[in-house]
Amino acid sequence: MSLTIVTGGTRGIGAAIAARLAAEGHDLVLGYRSDEESARATAESIHARGVRCVTVRADLTTDAGIEELFARAAEVGPVTGVVNNAGATYRFAPLHETPTEEIRRTIDINLTGPILVARAAVAVLDRGGVIVNITSGAATIGSPGEYVHYAAAKAGLDAATRGLGLEVADRGIRVVAIAPGLIATDLHATTGDPERVARMAPQIPLGRAGQPEEIANAVAWLMSDQAAYVTATTLRVAGGR
Ligand code: NAD
C-alpha cells in the first residue's frame with residue numbers, strides 16, 4: 001500500500017500529480033492553502049478512481065500547518081512518500097523593486113517550508129520511502145527581472161535534495177527533485193501575468209509550454225520501483241530550457 005502526501009495537491013501541477021498517483025493506486029493526503037473549490041473538486045475526482053483521499057487546509061509556512069498535515073496523514077495510515085510541491089511566486093519584478101516581506105514570504109514557502117516538510121517526512125518514513133521536491137528550472141536560469149529570490153529559493157531546494165538524499169540513503173529513503181520549466185498552470189495568472197505562458201512558449205526549445213501531466217509522469221516514475229537506483233539528484237523537465 002502506498003500513502004503519499006502531496007503538498008499543494010489540489011490544483012495545478014499538484015492536482016495532476018495526485019491524479020497520476022491515484023491511477024497508480026496511491027492513497028493520498030493533499031495539502032492546500034486556501035482554494036476550497038479546487039480542493040473539493042480534486043478530492044471528488046480522486047475518489048472516483050477508487051483510492052482514499054483526504055484534503056488538509058494548512059499553511060505550510062507555519063509549524064502548526066506542517067504538524068496538522070502530518071497528523072491528518074497519520075490518521076489515514078503509514079506514509080510511504082511525500083511530494084513537496086507547494087510553492088508560489090507572488091509577483092514579477094526586479095529584486096530592487098521587491099519588498100523585504102515578499103522576499104521572506106517567497107523563501108518561506110519555496111525553501112524553508114519544503115525543508116521542514118522534508119524533515120517531517122524523514123521522521124515518518126521509518127520503513128523507507130520517497131521524497132520528491134518540486135523545484136524549478138529557474139534555479140539555474142536565475143530569473144533576472146522576474147523573481148531572483150524565488151530562483152534562489154528553488155536552487156536551495158535542489159541543494160537540500162542532494163544533501164538530504166545522501167544523508168538518508170542508508171535508511172532506504174530516496175530524495176529526488178524535479179525542476180519543471182514553463183508549465184501551463186494558474187500560477188502565472190495568479191502572479192499577475194496571464195499572458196506569460198503564451199508569450200514565453202516560443203522561447204522553449206521544444207516550442208511549447210509543458211503540461212502539468214508531464215510533470216506528474218516524471219513524479220510517478222521517480223516514486224516507483226523503476227527509479228529504485230535514483231536518489232540525491234534533480235531531473236529537469238523543461239522542454240530543453
Ligand atoms: P499553483 O499556484 O497552481 O499551485 C500552487 C499550490 O501551492 C497550490 O495548491 C497552493 O495551495 C499551494 N500553496 C501555496 N502557498 C502555500 C502555503 N503557504 N501553504 C500551503 N500550500 C501552499 O502553481 P503550480 O504551477 O501548480 O506550481 C506547483 C509547483 O511547481 C510550485 O512549487 C512551483 O514553484 C513549481 N513550478 C511551477 C512552474 C510553472 O511554470 N507553473 C514552473 C516551475 C516550477
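On a predicted model such as this, the values are computed, not experimentally measured, just so you know. Atoms within a ligand are numbered from 1 in the order they appear, just like the ligands themselves.
For the pair R57 (side chain) and Y32 (backbone), a donor-acceptor distance under 3.5 Å is absent. Side-chain atoms of R49 do not come within 3.5 Å of backbone N or O of E24 as any donor-acceptor pair. Between the N85 side chain and the V6 main chain, no donor and acceptor come within less than 3.5 Å of each other. With H26 contributing its side chain and A18 its backbone, the two residues share no donor-acceptor pair below 3.5 Å. Listed for the R20 side chain is no donor-acceptor partner under 3.5 Å among the backbone atoms of E213. The backbone N or O of L30 lies less than 3.5 Å from no partner atom in the side chain of T55, so there is not a single donor-acceptor pair.
The distance from the CD1 atom of I178 to the CD1 atom of I134 is 4.5 Å, given to the nearest 0.5 Å.
Protein heavy atom at the shortest distance from atom 14 (C) of ligand 1 is G87 O, 3.6 Å. The shortest contact between atom 28 (C) of ligand 1 and any protein heavy atom is with N85 OD1, 3.2 Å. Nearest protein heavy-atom contact of atom 34 (O) of ligand 1 is Y150 OH, 2.6 Å. Counting protein heavy atoms only, atom 13 (N) of ligand 1 is closest to A86 CB, 3.8 Å. Looking only at heavy atoms of the protein, atom 27 (O) of ligand 1 is closest to L187 CD1, 3.9 Å. At the top of the distance list for atom 24 (P) of ligand 1, counting protein heavy atoms only, stands T185 OG1, 3.7 Å. Of the protein's non-hydrogen atoms, the one nearest atom 8 (C) of ligand 1 is R11 CG, 3.8 Å. For atom 15 (N) of ligand 1, the closest heavy atom belonging to the protein is R33 NH1, 3.5 Å.
Considering backbone and side-chain N/O of H188, one or more are found under 3.5 Å from N/O of ligand 1. The distance criterion of under 3.5 Å between nitrogen or oxygen atoms is met by I13 with respect to ligand 1.
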Quiz prompt | side chain to side chain contact (heavy atoms under 4.5 Å, CB included) evaluation trace for R119 with I66 | solution = CA-CA 10 Å; R119 184 179 68 173; I66 294 171; over 6 Å; no
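For the ligand labelled ligand 1, residue A58 lies inside the 4.0 Å heavy-atom shell. Contact analysis leaves T190 out of contact with ligand 1, as no non-hydrogen atom separation drops below 4.0 angstrom. Proximity of D59 to ligand 1 is established by a heavy-atom distance of less than 4.0 Å. At least one heavy atom of G181 sits closer than 4.0 Å to an atom of ligand 1.
Per-residue contacts place S136 under 4.0 angstrom from the following atoms of ligand 1 (heavy atoms of the residue considered): 43 (C), 44 (C). Short contacts between ligand 1 and G12, defined as distances under 4.0 Å to a heavy atom of the residue, involve ligand atoms 3 (O), 26 (O). Counting the atoms of ligand 1 from 1 in the order shown, those under 4.0 Å from a heavy atom of Y32 are 11 (O).
Shown are T140, T135, T233; of these, the side chain to side chain donor-acceptor pair (under 3.5 Å) with D158 is made only by T135.
Taking every heavy atom of both residues into account, F92 and H188 meet most closely at CE1-O, 3.9 Å. Nearest heavy-atom pair across R174 and L222 is NH2-O, 2.8 Å. Shortest non-hydrogen contact noted between A43 and C53 is CA-SG, 4.0 Å.
Contacts with ligand 1 closer than 4.0 Å are made by no heavy atom of S38, backbone or side chain. Both the backbone and the side chain of I183 come within contact range of ligand 1, each with a heavy atom under 4.0 Å. With a 4.0 Å heavy-atom cut-off, ligand 1 is reached by the backbone of T135 but not by any atom from C-beta on. At a 4.0 Å heavy-atom cut-off, ligand 1 touches I109 through the side chain alone.
Electrostatic pairing of R40 and E36 does not count as a salt bridge here, judged by no charged N lying under 4.0 Å from a carboxylate O.
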